[in-house]
Amino acid sequence: MHDLELFDGVYESPVGWLGLRLQGGKLGELDWIERPRKALRKRHPHPAVRQLIQCLDSYFTTASSIIIPPLAPAGTAFQQRVWRALLRIPCGSVKTYGQLAAELKTGSRAIGQACRRNPIAILIPCHRVVAARDMGGYMGNTGHLHIKRWLLEHEDVC
DNA sequence: CGAGCATCCTCAG
DNA sequence: CTGAGGATGCTCG
């Protein structure tokens with residue numbers, strides 16, 4: 001949560017206010033912010049921001065209707081590999097850290113670490129990764145699980 | 001290197 | 001059922 005920095009756009013979602021940051025015309029960062037500030041809003045938002053807001057609107061209306069926009073998340077080669085794998089998890093289903101680890105020939109904790117580092121919440125669906133027995137964590141700790149639960153229920157996950 | 005992780009599995013009580 | 005403990009791969013200082 002960086003509420004002191006500037007965002008290219010803000011979005012009010014059912015799970016809280018989100019801040020968007022662009023990276024070369026693509027979405028580089030999507031993260032929760034404490035509260036919207038006037039200073040964060042520009043008079044003439046980048047056209048890409050308008051598209052992104054439509055994406056989010058469609059997701060929060062009907063989760064399965066979303067079309068993932070161009071993304072530019074910053075991270076290590078390994079993280080990029082994990083995030084690409086997350087994008088292949090279809091809306092409405094989940095995978096465990098262990099399953100992804102087996103697919104990518106790595107360890108489950110490494111998967112969790114890469115999920116925690118996901119700079120583009122919701123659109124890179126790290127919330128679709130759950131633990132073998134319980135739901136796993138979200139946003140670093142286990143104190144934001146209600147958001148993960150909300151997203152999964154919104155996507156009609158049993 | 002060593003410590004820290006959004007894990008997983010097994011084994012003892 | 002619960003908790004402890006080892007194995008595990010990646011990242012950051």
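Note that these values count all heavy atoms, side chains included, but never hydrogens, waters or copies made by symmetry. As the structure is a computational prediction, the values presented were derived from the model and not from experiment. In the text below, chain A, chain B and the rest are named by the order of the sequence lines, each starting its count at 1.
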- Message: Would you call the rings of A/Phe60 and A/Tyr11 parallel, tilted or perpendicular, taking 30° and 60° as the class edges?
- Response: parallel
- Task: Tell me what A/Gly140 touches on the nucleic acid: a base, only sugar-phosphate, or nothing, going by heavy atoms under 4.0 Å.
- Result: base
- Message: Going by purine N1 to pyrimidine N3 plus the second Watson-Crick contact, or the G-U wobble pair, all under 3.5 Å, which nucleotide sits opposite C/dT8?
- Response: none
- Item | Centroid-centroid under 6.0 Å between A/Trp150 and A/His146 rings | no
- Task: Rounded to the nearest angstrom, tell me the gap between atom CZ in A/Arg133 and atom P in B/dT7.
- Result: 14 Å
- Query: Rounded to whole angstroms, how far apart are CZ on A/Arg109 and P on C/dG6?
  - Reply: 14 Å
- Query: Just to confirm, is there a sub-4.0 Å distance from OP1 or OP2 of C/dC10 to any side-chain nitrogen or oxygen of A/Thr106?
  - Reply: yes
- Query: Between atom CD in A/Gln99 and atom C1' in B/dT7, what is the gap in whole Å?
  - Reply: 13 Å
- Does the pair A/Leu18 and A/Ile122 meet the rule for a side-chain contact (heavy atoms from CB on, under 4.5 Å), with working shown? CA-CA 10 Å; A/Leu18 306 170; A/Ile122 302 172; 3.9 Å; yes
- Task: May I ask you to check whether A/Tyr97 and A/Gln113 show a side-chain donor-acceptor distance below 3.5 Å?
- Result: no
- Task: Rounded off to whole Å, could you give me the OH-to-C1' distance for the A/Tyr97 and B/dC9 pair?
- Result: 17 Å
- Message: Check the phosphate of C/dT11 against A/Thr76, side-chain N and O only, distance under 4.0 Å to OP1 or OP2. Yes or no?
- Response: yes
- Query: Whole Å only: how far is the CD atom of A/Gln113 from the C1' atom of C/dT8?
  - Reply: 12 Å
- Message: Regarding A/Thr142, tell me which of base, sugar-phosphate or nothing describes its non-hydrogen contacts under 4.0 Å with the strands shown.
- Response: nothing
- Task: Quick one: label A/Gly137 by what it contacts on the DNA or RNA (base, sugar-phosphate, nothing), any heavy atom closer than 4.0 Å.
- Result: base
- A/Gln79 CD to C/dC10 P, in whole Å, measures 11 Å
- Nearest-Å distance, CD (A/Glu103) to P (B/dC8)? 14 Å
- Indicate whether OP1 or OP2 belonging to C/dC12 is found under 4.0 Å from a side-chain N or O atom of A/Arg117. yes
- What do the steps show when you test A/Leu20 against A/Phe7 for side-chain contact (heavy atoms from CB on, under 4.5 Å), and what is the final call? CA-CA 6 Å; A/Leu20 332 189; A/Phe7 291 90; 5.7 Å; no
- Query: Please give, in whole Å, the distance from B/dG4 C1' to A/Asn141 CG?
  - Reply: 15 Å
